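Note that ligands are numbered from 1 as they come in the structure, with each ligand's atoms numbered from 1 the same way. As the structure is a computational prediction, the values presented were derived from the model and not from experiment.
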Amino acid sequence: MSLSNGRAYLAIPGPSVMPDAVLQAMHRASPNIYEGELHDLTDGLIPDLKKVAMTDQHVAIYIGNGHAAWEAALANVLSRGDTVLVLATGRFCVGWGEMAAGMGAKVETIDYGPAAPIDLAQVQDCLAADKDHRIKAVLAVHVDTSTSVKNDIAGLRAVMDATGHPALLMADCIASLGCDRFEMDAWGVDVMVSGCQKGLMTPAGISFVWYNEKADAARGDCVTTYWDWRPRTRPEMYFQYFDGTAPTHHLYGLRKALDIIMDEGLEAVFARHATLAQTIWAAFDKWSSRGPMQLNIADPPCRSHAVTAVAIGSPLGDKLRYWCEHTCGLTLGIGLGREPADAFFRIGHMGHVNAHMIMGVLGTIDAGLKALEIPHGNGALEAAAQVIAKAGTADVGAVRQVGDACCG
Ligand SMILES: *Cc1c(COP(=O)(O)O)cnc(C)c1O
């Protein structure tokens with residue numbers, strides 16, 4: 001007997017679940033790249049990409065993953081020898097800083113460890129001490145996917161302003177865009193990077209850099225022809241959008257994904273992710289009351305709505321993941337950036353995810369804890385169902401009407 005046949009759920013924090021409509025939009029012959037539909041489609045993506053980032057500034061599209069967007073962003077603002085301040089709250093900001101170092105920047109890091117957000121007071125002190133304004137840019141990750149911490153980016157801007165420091169604020173929203181609220185302009189972010197394979201529900205392969213005029217004016221000597229964002233945002237010819245052949249099928253997929261997001265409404269997308277995250281936390285509150293399993297981030301306001309990192313003790317992380325995948329068809333994310341990795345696992349709940357999928361994840365984990373005899377508190381699924389039920393009470397009136405119409 002196998003209980004895993006049927007539709008699998010890849011609940012890893014990217015790539016995320018792709019809507020069938022996105023896949024169908026990509027299932028086509030190659031389009032003409034010189035004129036016609038693809039050009040109109042690409043022009044139409046730009047305003048929607050600005051909407052999801054809540055910005056009126058510029059956006060450049062790159063053929064590449066999130067790492068490509070990291071390099072693009074750095075290349076456009078840095079000169080060799082510039083100093084960048086890395087605010088590390090997990091593996092990803094460290095990685096972005098390593099990339100800056102590889103490009104010839106001096107990297108200063110404040111490391112908050114694997115289970116805490118950025119301490120804004122400490123950043124303020126650090127910037128205030130930088131009297132000569134050597135720091136050219138502050139690098140922060142909105143949601144670090146390894147730890148599932150969410151940082152206060154608006155608060156970061158506030159402490160930068162409070163010190164009068166002119167550094168650029170650069171944010172990685174690869175795991176949060178289209179899941180957690182992010183407001184580029186209102187929060188005073190100068191450069192933001194994201195990819196398409198997480199909240200934007202499109203196969204990995206294109207990524208984006210949003211930037212404002214201040215960031216553009218900072219331009220240093222690291223910029224190279226391919227990474228230069230200017231021709232991509234002010235194209236005189238279509239091919240300049242991509243510096244070569246357009247990523248044709250990705251563009252069709254992204255168009256459909258953005259349609260799905262706009263149809264639901266960005267506020268509704270945020271609210272859905274928030275409710276589903278609270279559903280997961282409610283289950284963990286119960287499970288964690290006994291036994292080894294704990295959420296990595298203790299403070300709810302500092303938790304991502306798109307990914308949840310869990311500590312469970314070595315080697316139970318790997319055992320539980322293996323059981324869920326092979327017995328039930330649920331793939332959980334590996335522990336990342338923590339040692340030993342098999343003491344952790346992560347749940348991806350970003351993008352095309354709904355209540356029954358989350359209840360399925362939680363039910364599967366509950367079964368796994370029992371099968372593997374991992375001690376845990378009771379009542380997790382009950383608590384999760386309560387969150388869904390409470391959030392869904394607004395729909396009960398509509399259900400009653402349907403019931404009256406069918407059965408009355
Ligand atoms: C996924 C991710 C990255 C890396 O993106 P790739 O597409 O794998 O290169 C960087 N930062 C964060 C926060 C991420 O979640």
Heavy-atom gap Trp96 to ligand 1 smaller than 4.0 Å: no
Distance-minimising heavy-atom pair for Ala384 and Ala283: CB-CB, 4.4 Å
Those atoms of ligand 1 less than 4.0 Å from some heavy atom in Val141: 13 (C)
Residue Gly66 vicinity, atoms of ligand 1 by number, heavy atom under 4.0 Å: 5 (O), 6 (P), 7 (O), 9 (O)
Any side-chain heavy-atom pair from Asp216 and Arg230 closer than 4.5 angstrom? yes
Need the ligand 1 atom indices (1-based, order shown) with element for anything under 4.0 Å from a heavy-atom of Trp70. 10 (C), 11 (N)
For the pair Asp130 (side chain) and Cys126 (backbone), establish whether a donor and an acceptor sit closer than 3.5 Å, ignoring hydrogens and angles. no
In ligand 1, which numbered atoms sit nearer than 4.0 Å to a non-hydrogen atom of Gln197? 6 (P), 7 (O)
Does some non-hydrogen atom of Val143 fall short of 4.0 Å from ligand 1? yes
Relative to Phe242, does Arg232 satisfy both conditions: NZ or CZ under 6.0 angstrom from the six-membered ring centre, and within 45 degrees of the ring's axis? no
Can you tell which part of Asp144 has a heavy atom less than 4.0 Å from ligand 1: side chain, backbone, both or neither? neither
Atoms in ligand 1 with a heavy atom of Asn65 nearer than 4.0 Å: 6 (P), 7 (O), 9 (O)
Pair Thr308, His349: side-chain N/O donor-acceptor within cut-off below 3.5 Å: yes
Please check whether His67 reaches ligand 1 - meaning an N/O of the residue sits under 3.5 Å from an N/O of the ligand, judged on distance alone. yes
Going by the atom numbers of ligand 1, which of them fall below 4.0 Å from some non-hydrogen atom of Thr145? 12 (C), 13 (C), 14 (C), 15 (O)
Does an N or O from Lys198, backbone or side chain, lie closer than 3.5 Å to an N or O of ligand 1? yes
At a non-hydrogen distance cut-off of under 4.0 Å, which region of Asp172 contacts ligand 1 (side chain, backbone, both, or neither)? side chain
Once you measure the plane-to-plane angle for Phe208 and Trp210, does it fall in the parallel (<30°), tilted (30-60°) or perpendicular (>60°) bin? tilted
Checking the side chain of Asn151 only, and the main-chain atoms of Val141 only, is there a donor and an acceptor separated by less than 3.5 Å? yes
Side chain Lys51, main chain Asp56, donor-acceptor under 3.5 Å: no
